[in-house]
Colleague: 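Let me give you the structure first, and then I'll get to my questions.
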Amino acid sequence: MAYWLFKTEPGEFAMSDLEAMAPAPECWSGVRNYQARNFLRDQVAADDRVFIYHSSCQRVGIAGIARVVRAGYPDPAQFAPQSPYYDAAASPQLPRWYAVDIVYQHSFRQLVPLAVLKASPALQELALVRRGSRLSVMPVAPAQWQAIVAMADGPSAN
DNA sequence: GCCAACGTTGGC
DNA sequence: GCCAACGTTGGC
């Protein structure tokens with residue numbers, strides 16, 4: 001089992017939306033960056049765990065945990081002309097973009113702010129805190145995962 | 001709203 | 001293949 005971090009703008013789709021849908025899964029759609037696409041297509045697997053990160057909002061940080069229930073498959077949005085994620089160059093025979101399905105697992109009692117992540121010595125190698133990083137799907141090492149969970153729900157977070 | 005940093009496009 | 005121009009991301 002591997003660990004990941006997915007970015008989302010809560011104005012579009014928030015951790016609370018995922019929680020409200022539970023136990024129904026959500027299609028994680030609309031990733032339009034090749035490096036992130038490659039992770040979704042090639043590496044994200046069923047039963048992997050995912051941090052949900054809120055970006056471009058008042059309180060940026062990690063809001064909770066989801067679980068992957070379906071590995072990468074062609075993102076339906078690329079074939080839907082009405083979708084903002086439509087890609088005229090993609091076809092079902094030659095899909096360009098991929099999605100996964102995730103399901104709600106756990107909302108942190110309090111969001112772990114970006115500033116806290118940046119300040120953690122255990123997270124200096126995490127792509128999220130690297131200067132200028134724009135990657136929206138990224139791997140999280142087990143030690144990084146445990147450090148973040150401890151910050152979220154550990155004694156210091158209470 | 002600003003702007004730094006990044007990814008993509010397209011002319012050559 | 002280079003690289004300037006452009007569009008986007010995303011924190012602040």
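Since the model is a prediction, treat every value here as computed from it, not as a measurement. To find a chain, count down the sequence lines: A is the first, B the second, and so on, and within it residues start at 1.
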Colleague: Do the ring planes of A:W28 and A:F13 sit parallel (below 30°), tilted (30 to 60°) or perpendicular (above 60°)?
Modeller: perpendicular

Colleague: What are the residues of residues 121-132 of chain A, sorted by number, that bring a heavy atom to within less than 4.0 Å of DNA chain B?
Modeller: A:R131, A:G132

Colleague: How about A:D101 and A:Y73: does a side-chain donor come under 3.5 Å of a side-chain acceptor?
Modeller: yes

Colleague: Round to a whole Å and report the spacing from CD of A:Q35 to C1' of B:dT8.
Modeller: 14 Å

Colleague: If every non-hydrogen atom of A:P10 is compared with every non-hydrogen atom of A:D17, which pair is closest and at what distance?
Modeller: O-OD2, 4.4 Å

Colleague: Could you tell me whether the side chain of A:R32 reaches within less than 4.5 Å of the side chain of A:Q78, counting heavy atoms only?
Modeller: yes

Colleague: Less than 4.0 angstrom between a side-chain N/O of A:Y53 and OP1 or OP2 of C:dG11, yes or no?
Modeller: yes

Colleague: Between A:I62 (CD1) and C:dG10 (C1'), how many Å, whole number?
Modeller: 16 Å

Colleague: In whole angstrom, what separates A:N33's CG from C:dG7's C1'?
Modeller: 14 Å

Colleague: About how many Å separate NE2 of A:H54 and OG1 of A:T8, when rounded to the nearest 0.5 Å?
Modeller: 6.0 Å

Colleague: A:Y34 vs A:W97 aromatic rings, parallel, tilted or perpendicular, using cut-offs 30° and 60°?
Modeller: tilted

Colleague: Within a strict 4.5 Å, meaning less than it, do heavy atoms of the A:W145 and A:F51 side chains meet?
Modeller: yes

Colleague: Do the non-hydrogen side-chain atoms of A:Q35 and A:M138 ever get within less than 4.5 Å of each other?
Modeller: no

Colleague: Just the rounded figure in Å: distance from C1' of C:dG7 to CZ of A:R32.
Modeller: 17 Å

Colleague: Same cluster for A:V116 and A:I65 if Ile/Leu/Val/Met/Phe/Trp/Tyr side chains link at under 4.5 Å?
Modeller: yes

Colleague: Rounded to the Å, how far apart are A:L117 CG and C:dG11 C1'?
Modeller: 13 Å

Colleague: So which of residues 80-98 of chain A are in contact with DNA chain C, with a heavy-atom cut-off of under 4.0 Å?
Modeller: none

Colleague: In whole angstrom, give the distance that lies between atom CD of A:Q58 and atom P of B:dG1.
Modeller: 15 Å

Colleague: What is the distance, rounded to the nearest whole Å, between atom NZ of A:K7 and atom C1' of C:dG10?
Modeller: 7 Å

Colleague: Let me know the distance between CG of A:L135 and C1' of C:dG10, rounded to the nearest Å.
Modeller: 13 Å

